[in-house]
Chemist: 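Encoded as C-alpha cells, here's the structure I'll be asking about.
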Protein chains: 2
Amino acid sequence: MEKLSEEKITEKAAKIIRAHGLKRTPQRLKILIYLMTHHNHPTAEMIFNDISLSDEKTGIATIYNTLNTFVDLGFVIEINNGNDGSTHYDFFAKPHFHVICTNCGRIADVEYTDFDKIETKMRQETEKQTGYITRSSHIKIYGLCPDCQKLENK
Amino acid sequence: MEKLSEEKITEKAAKIIRAHGLKRTPQRLKILIYLMTHHNHPTAEMIFNDISLSDEKTGIATIYNTLNTFVDLGFVIEINNGNDGSTHYDFFAKPHFHVICTNCGRIADVEYTDFDKIETKMRQETEKQTGYITRSSHIKIYGLCPDCQKLENK
DNA sequence: GTACATGCAAACCGTTTGCACTATC
DNA sequence: GATAGTGCAAACGGTTTGCATGTAC
C-alpha cells in the first residue's frame, strides 16, 4: 500500500477537487483526504464524528452535500450494505469491488486483476441489450465475514 | 418470455412460499405474484398502490415486512438506484444484473450468458482474499438510458 | 464583488415498530 | 388452540432543504 506524506496527499486531494471544477474549501479537502486515507467505508455520520475531533467544525449537512457532489463527479461511490439504513462511501482509486457481511454489515475490498476485462465485457453486453450508454459499474458480493463465521459455529 | 396462466403462477408462487416455511397468506401471494409478473423493479410504494386497486386491502407495513422476508430468504433482491431514496425490488428467477440510468433512475435487466462463470470466479477470488464465505452477488451498471440520451442531445 | 459553499435547524419521507386483531395450520 | 401474520398509526432516523452567513477566486 502506498504511503503518502500528509503534504502529498493534500496536494493530491486538492488536484482532484480542482480538476472537477470545484472550489477548494477546507471542508471538501478534509472529507476527501479522510476518504483517501481510510478504507473503512464510512457513513456520513462516521466522517462527521471523526472530522469533528479536529479544530474546525463541519456541519453534517455539508458532509452530505459534499459526498453527493463527489459521487456525482464519479470519484467516490456509494454502497448500501442493507444492514443499517445508511449509505456508506468509498474513494474509488483502483478498480475493486466489495464484499458485504449479511450478518454484521462489514464491508471489505476485493482487488481483482481481471476486473477491467470483465467490466468491459459486461458493459458491452449491457449496451447491446438495452441501448444504455454505460459509464461505470458496481459489484457487490454478499456473504459471511470471518468473525461472524466463528460466532455461528458456537 | 414464458407466459403462465393465472392459476399456474399462483401455484408456482404458493410453492415458493411454502418451500421457505412461510404460511400461505393472500397478501404474500399477491405480492410475490406481482413481483413474478412485473419486471418494472417496483418500490414498496408502487406495489402498495397497484395492489390496493384490487378488493382486499394490504397495509404498507405488511408490504415492507413481506418484502424483507422475501429478501432474507433470497428469492427477491433489493436495488438502490441512488436517484430516489427508496428501495426497489426484483424477483430473482434467472441470473441477471441491472443497468440503472443515472439521470432518471430507470432500471433495466441484462441477461448475461457467462454470468455464472464470472460470478463463480469473483466469489472464489473474494473468499481467497477476504476469508468471507460468499452467498450471492449483485452487479449494477450505471449509465444513461435511451430516453435520457435523446433529451441530452436537444 | 460575485458566485458558490457552509451550517444550523427544521422539514421530509421511506421504513420500522408496538400492539391489538385475525388467519393459517 | 397455538403460532405466525396483518394493519393501523405513531415513532424513527437518515438525508435534504431553506436561508442567512461566510469564503474562494
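To find a chain, count down the sequence lines: A is the first, B the second, and so on, and within it residues start at 1.
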Chemist: How long is the line joining CD1 of Ile17(A) and C1' of dT6(C), in whole Å?
Modeler: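 Nearest whole value for this atom pair: 14 Å.
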Chemist: Once you measure the plane-to-plane angle for Phe91(A) and Phe75(A), does it fall in the parallel (<30°), tilted (30-60°) or perpendicular (>60°) bin?
Modeler: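 It falls in the perpendicular class, over 60°.
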Chemist: Nearest-Å distance, NZ (Lys57(B)) to P (dA9(D))?
Modeler: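 So the two atoms are 12 Å apart, to the nearest Å.
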Chemist: Quick one: which protein N/O atoms are closer than 3.5 Å to N/O atoms of nucleotides 19-25 of chain D? Pair and distance per line, please.
Modeler:
residue : atom : partner  : partner atom : Å
dC25(D) : OP1  : Arg24(A) : N            : 3.2

Chemist: Considering only heavy atoms from C-beta outward, does the side chain of Arg28(B) approach that of Lys23(B) to under 4.5 Å?
Modeler: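 Arg28(B) reaches Lys23(B) side chain to side chain.
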Chemist: Select from Gly85(B) and Thr66(A) the residue whose nearest nucleotide in DNA chain C is closer to the 5' end of that strand.
Modeler: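 Residue closer to the 5' terminus by nearest nucleotide: Thr66(A).
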Chemist: By nearest atom, which of the nucleotides dG14(C), dG7(D), dG7(C) is closest to the Gln27(B) side chain?
Modeler: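 Nearest listed nucleotide: dG7(D).
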Chemist: Hey, does Thr58(B) reach any base, or is it just sugar-phosphate, or nothing, if we go heavy atoms under 4.0 Å?
Modeler: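 Sugar-phosphate only.
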Chemist: With salt bridge (charged side-chain N to carboxylate O under 4.0 Å, His left out) as the test, would you mind laying out the steps for Arg123(B) and Glu119(B) before giving the verdict?
Modeler: CA-CA 6 Å; Arg123(B) 286 175 59 175; Glu119(B) 206 218 351; 3.6 Å; yes
Chemist: Check the phosphate of dT15(D) against Tyr64(A), side-chain N and O only, distance under 4.0 Å to OP1 or OP2. Yes or no?
Modeler: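 Yes, such a contact exists.
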Chemist: Relative to the 5' end of DNA chain D, which residue comes earlier, Ala61(A) or Glu45(A), by the nucleotide with the nearest heavy atom?
Modeler: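 Nearest-nucleotide comparison on DNA chain D picks Glu45(A).
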Chemist: Distance check needed: dT16(C) P versus Asp72(B) CG, whole Å only.
Modeler: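 Computing the Asp72(B):CG to dT16(C):P distance gives 10 Å.
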Chemist: Rounded to whole angstrom units, what separation is found between the CD1 atom of Ile60(B) and the P atom of dT17(C)?
Modeler: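 Rounded to whole Å, this separation is 15 Å.
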Chemist: Using whole Å, report how far CG of Asp84(B) lies from P of dG14(D).
Modeler: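 From Asp84(B) CG to dG14(D) P: 19 Å.
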Chemist: Would you say Ser86(B) places a side-chain N or O within less than 4.0 Å of OP1 or OP2 belonging to dT15(C)?
Modeler: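 Answer is no, no contact under 4.0 Å.
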Chemist: If the threshold is 4.0 Å, N to carboxylate O, is there a salt bridge linking Glu125(B) and Lys121(B)?
Modeler: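 Salt bridge absent between Glu125(B) and Lys121(B).
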Chemist: Is it true that a side-chain atom of Thr102(A) and a backbone atom of Gly143(A) form a donor plus acceptor pair closer than 3.5 Å?
Modeler: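 Judged by distance alone, yes, a pair lies under 3.5 Å.
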Chemist: May I have the distance from Asn65(A) (atom CG) to dG7(C) (atom C1'), rounded to whole angstrom?
Modeler: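 After rounding, the reported distance stands at 10 Å.
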Chemist: Distance check needed: dT6(C) C1' versus Asn68(A) CG, whole Å only.
Modeler: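 Going from CG in Asn68(A) over to C1' in dT6(C) covers 15 Å.
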Chemist: Are Arg106(B) and Tyr132(A) side-chain neighbours, meaning at least one heavy-atom pair lies under 4.5 Å?
Modeler: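 Yes. Closest side-chain heavy atoms under 4.5 Å.
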Chemist: Just by distance, do the side chain of His98(A) and the backbone of Ile107(A) share a donor-acceptor pair under 3.5 Å?
Modeler: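 Such a contact is absent between His98(A) side chain and Ile107(A) backbone.
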Chemist: If I take atom NE2 in residue His20(A) and atom P in nucleotide dC4(C), what distance separates them, rounded to the nearest angstrom?
Modeler: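 From His20(A) NE2 to dC4(C) P: 18 Å.
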